[in-house]
There are 2 protein chains.
Amino acid sequence: MRQDFRCDCPFTSALDILGDKWILVIIKQMLIEGKETFKDFAESEEAIATNILSAKLKFLEEVGIIIKTKRPGNKKTNLYLLTEKGLALTPILVELATWSDSHLRDLHPTIVNGESMESLRNDKTAFAKALDKKYREKLAGN
Amino acid sequence: MRQDFRCDCPFTSALDILGDKWILVIIKQMLIEGKETFKDFAESEEAIATNILSAKLKFLEEVGIIIKTKRPGNKKTNLYLLTEKGLALTPILVELATWSDSHLRDLHPTIVNGESMESLRNDKTAFAKALDKKYREKLAGN
DNA sequence: ATTATTGCTTGCAAATTGAAAGTAATTATA
DNA sequence: TATAATTACTTTCAATTTGCAAGCAATAAT
């Protein structure tokens, strides 16, 4: 899966990588929901088909957003983990959720609205920072 | 084009609307490049096909991100303008460009790197605010 | 009156997505 | 230790989406 860029615009180029239905959902699952194995992603509530999942994970690895590893001693289960390049997507995800929270409830009234949304509303920089920190701690643990 | 949401997750729901190759590119063209007519979009460097453009503009209008108007006295040229819901996407675009600037240059070395990128790097909140202000002034002028 | 422009739509081929089933390599269990 | 279950995929094929090219109707300019 070789990547082509439509032009030299930084906005468009980001969307050449991220502009699709699944890429950022997978990254969200890793960052927010702690998912890390093929099975984790395949069983998530968004219900991605396994062939698509396989292709997207390959692509994400190719462009350096995730790395594929294994836990020492386990030869079976692959772990997919965010790289620095992947972790740097946190602010984009936070802005997406912020926009949903404030502008998508009319179209989609059942969007979750718990205490984590409250803390997002309260201070999104802190929210992003906390996500980042939590993920780095998880990485240190693996 | 009726919209279905995959689940109640705010991240995923934003991507149900925005997660595609063209939607945010069109919004970027409006916000950053001042494009507002069908012709403007069709002639942009990203080279969107007119049938796709037509479908995406319809969708954006349906979900309330843009409105379709005409300038008084002109019965021919349609104007597509961002609503508040659309303008609220500015921070997402700014974060996309920031990520491109810092993490996409290895894969795509010819991404533009002029003085506007400099000012984005310097203070992205101010950058977003300036874009927002400029667009509101344009709206006031129409 | 004629030509050009704008904003589309239509037709069709190519690419992408998705559901379902199948496979191969581990790992757990009787 | 044989058997079953789990994990990580791949394959097949149908359906949907994308994209190119051409066409068309309404308005505006000459």
(message) Base, sugar-phosphate or nothing for B:K58? Non-hydrogen atoms, less than 4.0 Å.
(response) sugar-phosphate
For nucleotides 25-27 of chain C, give me every protein contact, N/O to N/O, under 3.5 Å, one pair per line with atom names.
from: C:dT26; atom 1: O2; to: A:K76; atom 2: NZ; distance (Å): 3.2
from: C:dT27; atom 1: OP1; to: A:N74; atom 2: OD1; distance (Å): 3.1
from: C:dT27; atom 1: OP1; to: A:K75; atom 2: N; distance (Å): 2.5
from: C:dT27; atom 1: OP1; to: A:K76; atom 2: N; distance (Å): 3.2

(message) Under a 3.5 Å cutoff, is there a donor and acceptor pairing between the side chains of A:S119 and A:N122?
(response) no
(request) For the pair B:K76 (side chain) and B:K70 (backbone), establish whether a donor and an acceptor sit closer than 3.5 Å, ignoring hydrogens and angles. (result) no
(request) Take the protein atom NZ of B:K70 and the nucleotide atom P of D:dA28, then report the distance between them rounded to whole Å. (result) 9 Å
(request) Please determine if A:K58 and A:E62 form a salt bridge, counting it only when a charged side-chain N lies under 4.0 Å from a carboxylate O. (result) no
(request) Specify the separation, in whole Å, of atom CG of A:L60 and atom P of D:dC9. (result) 13 Å
(message) Just to be sure I understand the rule, does A:K68 reach a base, reach only the sugar-phosphate, or reach nothing, if contact means heavy atoms closer than 4.0 Å?
(response) sugar-phosphate
(request) Send over the distance from B:F41 CZ to C:dC8 P, rounded to a whole Å. (result) 11 Å
(message) Check A:E61 with A:K56, please: is the shortest side-chain N to carboxylate O separation under 4.0 Å?
(response) no
(request) Return no unless some side-chain N or O of A:K56 is found under 4.0 Å from OP1 or OP2 of C:dT17. (result) yes
(message) Under 4.0 Å between a side-chain nitrogen and a carboxylate oxygen: does that hold for B:K138 and B:E36?
(response) yes
(message) If the threshold is 4.0 Å, N to carboxylate O, is there a salt bridge linking A:K21 and B:D16?
(response) no
(request) Could you check how far CG of A:N51 sits from C1' of D:dT16, rounded to whole Å? (result) 14 Å
(message) Does A:N78 reach a base, just sugar-phosphate, or nothing at all? Heavy atoms under 4.0 Å.
(response) sugar-phosphate
(message) Tell me whether A:R6 forms a cation-pi arrangement with B:W22, defined as NZ or CZ under 6.0 Å from the six-membered ring centre and within 45 degrees of its axis.
(response) yes
(request) Using only side-chain N and O atoms of B:T50, determine if any of them is under 4.0 Å from OP1 or OP2 of C:dC8. (result) no
(request) Mind calculating the distance between CG (A:L53) and P (C:dT17) to the nearest angstrom? (result) 13 Å
(request) Send over the distance from B:I48 CD1 to C:dG7 P, rounded to a whole Å. (result) 14 Å
(message) For B:L120, give me all partners under side chain to side chain contact (heavy atoms under 4.5 Å, CB included), at least two apart in sequence or on another chain.
(response) B:V94, B:A97, B:T98, B:M117, B:K124, B:F127
(request) May I have the distance from A:D20 (atom CG) to D:dT18 (atom P), rounded to whole angstrom? (result) 11 Å
(message) Let's see if you get this right: which residues in residues 21-38 of chain B place a heavy atom under 4.0 Å from DNA chain C?
(response) B:T37, B:F38
(request) May I have the distance from B:F59 (atom CZ) to D:dT18 (atom C1'), rounded to whole angstrom? (result) 16 Å
(message) Would you say B:R121 and B:N113 are linked by a side-chain donor-acceptor pair, where the criterion is simply a distance under 3.5 Å?
(response) yes
